[in-house]
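Everything quoted here is computed from the prediction, not taken from an experiment. To find a chain, count down the sequence lines: A is the first, B the second, and so on, and within it residues start at 1. Values reported hereafter were calculated over all heavy atoms of this structure, with side chains retained and with hydrogens, waters and symmetry mates removed.
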Amino acid sequence: MQYTKYQEEAINTIDQNLQIIACAGSGKTQVISQRIVNILKSKDDVNPSNIIAFTYTEKAAAELKTRVLKLCREQLGDIQGLAEMYIGTIHSWCLQAIQDNIYEYQKFSVLDEIKLKLFIDKHYQQIGMADVGMDRYTDTGRFIAIMSILREAEITDGKELDQEWIDAQGKYEQTLKSSAYFDFTMIMTEAILNLRNNPDFKNKIQEKLKYLIVDEYQDVNPIQEELIFNLASLGANICVVGDDDQTIYQWRGGDVRYIQTFSDRYPNVHYIKLEDNFRSTKGVIDAALKCILNNTDRLPKIMNASGHQKYDLNDIIYNQFDELDQENQFIVDTIRKVRSESEGIAFQDKKDSKLRGIDYSDMVILIRTWRKAESIMHALQDNNIPFVVSGVNELFQRPEIKAARALYEFLSDELEEDSLKLYWESVSDNIDEESLDFAIAELAKKKPKPKTYYATFSIQGIFWDFIENAKLTEETFFDPGHDGVIGNEINEVIFYNLGMFSQMINDFESIHFTDKPSYRLRGFLNFLRYSADGYYPEGWLNNSYKTPNAVQIMTIFQSKGLEFPVVFIPGMNKNYLPVKKPGGKQIWHFIDKELIKDQYRYETNVEDERRLMYVAITRSQKYLFVSRSKENRLYQKESVFCKEISNSDYLISTTSFDYSDKLKATPESKKETNSILLNFSVLKAYFDCPYRFKLISLYGFNQPISAQVGYGQSLHNILMEMHRRHLDGETIDESQIAQYVDRHLHLPYAHDQIFEDVRESSIQVSYDYLAENREDFDSIEYAEKEIQIDLGDGIMVNGRMDLIKKKDLDGNFITTIVDFKSKDDVQAREITMEQLSMYALGYKELTGETANYLQIFSLDEEQHRKHTQPLANDKIAEIKTKIVSSANDIRDNKLDKTHDPKACASCYQRKLCSGAKV
DNA sequence: GTACACATCATTTTT
DNA sequence: TGATGTGTAC
């Protein structure tokens, strides 16, 4: 790999703080990755665990990780402990840090937006929403927004928050904490608080951290900057990378100023600009610059066209039409010109790669708002151009979702039996009538009575039973006459959507499981009507790891970081980009605008929107088609950005251009392998049965919640504290056990009596464990150790080992990997052993050593048993091969049924499966 | 050219 | 609920 002078300089600046301004297409990720490898290479006292790299999304993290690991393998060979390098989001680092170091937080889980909304509505009074004059349900979203702004933003100097809001904030956090929940903000505030006030915590972080790298630094908000500043203050070298022209997350409080003033706030900063764009032609770059130069608030910089892509006439076109249909027709015609039936325009991905014909998946249509997508989708569909869209939320229009909802309307007597039957018959003609009648009859028996015990009523269980009784499987919905959307058969789409419905039930019941059944049922229907609608995406893109060969339609936001040979930016009208402010109730109706420092950042302004336009244009490697037409009343006039880019000499208006004399080649999708990140439990499901994996991981069918949920995890946490404290040099004795149990035992769905019983038995189990194993404690090497395996080719597996023991038998070290099970399950033993041999592989990556024994330790109250097996010599190589081939099958969507009676017998998902053999 | 009434339309999304 | 476009009156 050839680096430019400035890239080289960035890679080699490792003893000084570093700020990199990286323009679009400047090879940023490659530079960061190479710099990390360079640190490991040239610093003898630095190992992977000394490095933390923050990215903004999980996806970006996976990409960076893959790149770093690849370079490490190439340049450093077999290096141990790479898993201990942190590459991930700020949030997950914080969560990991506090859960790893503060025992109380191990039982906590994080509420995502929809569950948080359910939780707040449930605890409306207690949580303080009523006190600030907000209405239940209708204002919840705004309450959430205010809670995050109050805690993530800064308060204007000299202003003070009203007491009622301070109280509400306190109540809100207290209520969440008492149920062992975090919201996204608390993860960060807790980490910062502990860095400041908890010396043990601070020391543990400080001991390790030597290099901190922050990608996408331009999008950092005040609380994140505070965390970064605190971490850097521990004495770490800090490197930030970003482009102030690509700040597009201001609605999260992202503040360009942090990157603009970095060197004022951090000492000894070396400043490097990467101004070579290797992605796009001179024409694309010129158009982008003509636009972004109108922003006043930016760091001075240039952008050179330094790549191999060459501008040709008619590459960049801007057209205006009178009618929307004409505009869409232009898009269709252009797609056909670029890629016709058998040939595509020749394109060269890299300087030295061979020519290939542009294919559908090389083209993207970028939109600012989702309402723009519909007419384009129709035009493409009518012209048989394959396309994929992600983020359309019309799920509740789908017949299978209406039918699933009807089950519960029937249960709560809002719907007649005949109507319910009609709903299901409209999903597919193939449903067996007799089975359907039977399923409905069984369903009718489950109507909740006033005294039904909550734990015997399960919305999820009812759903699964209905599917089983009605004999609904993926095959049922097969319909050769009915086209699914590209890449997916219609039956896959329907089953995916039913899986999404299962997800909705799970989200709801995870908050409301202990509600009285009749009340819970009503609540669920309201949830579907008022909250869930519009929140869950329709399933025709995300149900596979495979990217289909199709034109992609996505928002400009989603396109950040991607590149395409061909980019369309349609609908370029005033009020669309820059977007018009929406009406309706705003959070500023409830809190004083003046209160929040730089409040304007949370509202979009023209410069923010211009940055979006800039991001959109710079996605293109060569072809760029901007267009507009008069739509409805709001969209009559041309966007100001069109006038700006029209100043570029490279931009032409024409509909009669011709690509026929261009060099052609056979269409061929870009070869790129998506990184695939698996964990051990997902892989375990795959080993059992690939189709089971599909139902769980791709379709999202969730098993019903039970009153005992949490017991196994609690036991793990209790033992972990014992082991960890022993490792820290403390003496563990029986007198502490009750304390550990009370700290960790968390059964969110158990009533008082069950809780007491489980508490008693947990104490007993822990007591016995300690008595029987104390002697062994000195041989503990790790307790709850995160491991990660990199199998190359973008395949990564991660997981946690419960316990590693290393015994010194007179100079011979015997290593045993232990997995705790709360129940002795004879059937699952074999599969658990397989899981343990995966851990052995992880252990080898971590330490370079091969474990000797694998042990399953069952913590059954009646009989605590150990099953120990030696690790066979060839087992590690064997399991490695097995994981790689599994990962490749997952990538190719080869997820067939096992038909193995043994696997089917212990599979809960068999209720949804046509191939189950028991 | 401007003031005003009235009709029309209505974001993005990550953790 | 609020911003914008259109039509009308002056």
Nucleotide nearest [X] when distance is taken to its side chain, options [options]:
{"X": "A/Thr57", "options": "C/dG5, B/dT15, B/dA10", "answer": "B/dT15"}
{"X": "A/Asn575", "options": "C/dG5, B/dT12, B/dT11", "answer": "C/dG5"}
{"X": "A/Thr369", "options": "B/dT11, B/dA10, C/dG5", "answer": "B/dT11"}
{"X": "A/Thr555", "options": "B/dA10, B/dT14, B/dT12", "answer": "B/dT12"}
{"X": "A/Glu58", "options": "C/dT4, B/dT15, B/dT13", "answer": "B/dT15"}
{"X": "A/Asn632", "options": "B/dT14, C/dT4, B/dA10", "answer": "B/dA10"}
{"X": "A/Leu634", "options": "B/dT11, B/dT15, C/dT4", "answer": "C/dT4"}

Take atom [atom1] of [X] and atom [atom2] of [N], then tell me their distance rounded to the nearest Å.
{"X": "A/Lys574", "N": "C/dA3", "atom1": "NZ", "atom2": "C1'", "value": "10 Å"}
{"X": "A/Asn221", "N": "B/dT13", "atom1": "CG", "atom2": "P", "value": "18 Å"}
{"X": "A/Asn573", "N": "B/dC9", "atom1": "CG", "atom2": "P", "value": "14 Å"}
{"X": "A/Arg368", "N": "B/dA10", "atom1": "CZ", "atom2": "P", "value": "13 Å"}
{"X": "A/Tyr181", "N": "B/dT15", "atom1": "OH", "atom2": "C1'", "value": "18 Å"}
{"X": "A/Ile144", "N": "B/dT13", "atom1": "CD1", "atom2": "P", "value": "18 Å"}
{"X": "A/Gln636", "N": "B/dA7", "atom1": "CD", "atom2": "P", "value": "18 Å"}
{"X": "A/Leu111", "N": "B/dT15", "atom1": "CG", "atom2": "P", "value": "16 Å"}

Just call it for A/Phe54: base, sugar-phosphate, or nothing, with non-hydrogen atoms closer than 4.0 Å on any strand.
-> nothing
Should [X] be listed as having a side-chain N or O under 4.0 Å from OP1 or OP2 of [N]?
{"X": "A/Tyr249", "N": "B/dT11", "value": "no"}
{"X": "A/Trp370", "N": "B/dT13", "value": "yes"}
{"X": "A/Arg371", "N": "B/dA10", "value": "yes"}

Face-to-face stacking of A/Phe184 with B/dT15, centres under 5.5 angstrom, angle under 30° | yes
Parallel, tilted or perpendicular: which describes the rings of A/Phe184 and A/His91, with under 30° parallel and over 60° perpendicular?
-> perpendicular
Take the angle between the ring planes of A/Phe508 and A/His512 and call it parallel below 30°, perpendicular above 60°, tilted in between.
-> parallel
Can you check whether A/Tyr536 and A/Phe501 have ring centres sitting under 6.0 Å from each other?
-> no
Ring centres of A/Tyr217 and A/Phe262 under 6.0 Å apart?
-> yes
Spacing of the C1' atoms in C/dA3 and B/dT13 (rounded, Å) = 23 Å
Gap in Å between the two P atoms, one belonging to B/dT12 and one to C/dT1, rounded | 22 Å
At what distance, to the nearest 0.5 angstrom, does CZ of A/Phe54 lie from CG of A/Leu212?
-> 5.5 Å
Run through A/Asp245, A/Asp243, A/Asp244 and flag the one making a side-chain hydrogen bond (donor to acceptor under 3.5 Å, both in side chains) with A/Arg298.
-> A/Asp245
